[in-house]
Amino acid sequence: MNVLVIGSGGREHALSWAISKSSLLTKLYCAPGNGGMEKVADCVTLDSSDHDAVIAFCRAHDIDFVVVGPEGPLVEGLVDALDNADIANFGPSKAAAQLEGSKGYVKDLCKENNIPTAAYGRFSDAAAAKAYVETQGAPIVVKADGLAAGKGVIMATTVGEATQAIDEIFGGKFGAAGAEVVIEETMIGEEASFFVLSDGTHTLPLATAQDHKRVGDGDVGPNTGGMGAYSPAPVMTDALCAQVMREIVEPTAAAMQARGAPFKGVFYAGLMITEQGPKLIEYNVRFGDPECQVLMARLESDILPALMACHSGTLDKIDLKWHDDPALTVVMAAKGYPEAYEKNTLIENVDGLDTEEVQIFHAGTRRDGEDVRAIGGRVLNITARGQTVAQAQTRAYDAVDSIHWPDGFCRRDIGWRAIERENK
Ligand code: AMP
Ligand code: GLY
């Protein structure tokens, strides 16, 4: 069969790499793809927000299945358009993508279904939001309701900071995403991400991961899309995973179905493991980036039947095998990221590093003849498996050190929390 992957990040390279190994695959296309995906697929220029153009491409190239990687096209309803055109696909509808598209939507869903999460209030005007902050006190978390590229969350340590955040959000700092504000109690604990496939009726747990959101070693500096990740998350024992399925994931899938927005695709729960047990921080309606890279590095089974089962409603027939070995990925980013950075810098010695245990997934790269050029903020994902997280980390940094890219940088401590646990 012919498959089209929508997206151009490290997540989509990892997905394409996994799909390229499928026994069901005839031909793989990526739109728009990147300098790494060219090795496993035909990269084509397509504007994913032009649904008619995507459908026309699928018809012209006999595409049997479309995999939508990023949240943007999901929230914009690409899957609905494909469904209407009778083109099989992987990803939630626009209505189901509200699970990521609106924080208030998720909080209400949790409240109605007794899903453990932080206490909260939803506000559409600044005065009411500020009054709520006054009664709750600080620390407190202020969030823009909509998609804000991971930047719409302000952890306020004082009432003054919270008030300022409320003014900024309603003042338009995050555009339409800030038409509403959600204010939450601050939860304390260790964070983990829990990935699940869903076909609307059945759910299948995939794996857990932890990422590193801050730009600097020791988890300092501004938030980013993620500077590295590993899987599994050691904090997630089998008992905790079962509890998360029972108390958070299954009630969510059932609630989405009851709301007439059955969730098809992958979603992951951002969890806080508190003293009272696991609580939901937020949902994402797609694979995490870079978490997807470590999941794909650990997946032994053919991924394509599992993705297709999410569409056909047959996920209960799927059983996935995973490497027991952990995987770890280090993000190499352009110097300056997450602020301004230079583009078109040359990356050398990046080809030929892949082995059984090491994969180099590209994100913001393009090929220019023989040259590989950096064209984005997050640029490469150096991914490795090992018998321990420490071994995976050593393998990943060995590969990092053989890449020549003077204009790039990475954190040097990816996996520190898991390795500290291994050393105990
Ligand atoms: P979100 O985009 O909602 O996942 O928030 C981004 C990050 O902010 C999370 O990964 C947490 O580190 C932090 N965060 C969000 N909400 C809370 C909360 N209620 N309590 C503590 N930390 C939070
Ligand atoms: N790494 C976090 C995300 O994909 O949103």
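In what follows, every heavy atom counts, from backbone to side chain, and hydrogens, waters and symmetry copies are set aside.
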If you look at every heavy atom in [X] and [Y], which pair is closest and at what distance?
X	Y	answer
A334	V379	N-CG2, 4.2 Å
A309	I318	CB-CG1, 3.6 Å
Q359	D354	CA-OD2, 3.7 Å
Y397	C410	CE2-SG, 4.1 Å
N89	I87	ND2-O, 3.0 Å
D289	G10	OD2-N, 3.6 Å

Stacked cation flag K130 on Y132, 6.0 angstrom / 45 deg: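 No cation-pi geometry.
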
Over-ring placement of R259 relative to Y105, 6.0 Å and 45° cut-offs: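 Yes, a cation-pi geometry.
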
Note, P305 side chain near K317 side chain (heavy atom, < 4.5 Å):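 Not touching, per the 4.5 Å side-chain cut-off.
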
Heavy-atom check, side chain of P116 versus side chain of E247, under 4.5 Å: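 P116 vs E247: side chains touch.
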
Donor on one side chain, acceptor on other, S8 and N34, under 3.5 Å: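 Result is no, nothing qualifies.
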
Modelled atom types, side-chain donor and acceptor of N381 and T383, under 3.5 Å: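 Note: N381 and T383 side chains miss the donor-acceptor criterion.
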
If you look only at distance, which donor and acceptor atoms sit under 3.5 Å apart when one is on a side chain in residues 60-78 and the other is two or more places apart or in another chain?
{"from": "H61", "atom 1": "ND1", "to": "F57", "atom 2": "O", "distance (Å)": "3.1"}
{"from": "D64", "atom 1": "OD2", "to": "N2", "atom 2": "N", "distance (Å)": "2.7"}
{"from": "E71", "atom 1": "OE1", "to": "R286", "atom 2": "NE", "distance (Å)": "2.9"}

Whether D125 side chain and A127 backbone form a donor-acceptor pair below 3.5 Å: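 Yes.
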
Main-chain N/O of G288 paired with R11 side-chain donor or acceptor, under 3.5 Å: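 Checked: no pair found.
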
Sole residue of H212, R411, K213 in side chain to side chain donor-acceptor pair (under 3.5 Å) with D219: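 When H212, R411, K213 are each tested with D219, the side chain to side chain donor-acceptor pair (under 3.5 Å) holds only for R411.
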
Which atom pairs, one a donor and one an acceptor, fall under 3.5 Å between side chains of residues 187-195 and the rest of the protein, sequence neighbours left out?
{"from": "E190", "atom 1": "OE1", "to": "R421", "atom 2": "NH2", "distance (Å)": "2.6"}
{"from": "E190", "atom 1": "OE2", "to": "Q210", "atom 2": "NE2", "distance (Å)": "2.9"}
{"from": "E190", "atom 1": "OE2", "to": "R421", "atom 2": "NH2", "distance (Å)": "3.4"}

L4 side, atom CG; K27 side, atom NZ - distance, nearest 0.5 Å: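 It comes to 12.0 Å.
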
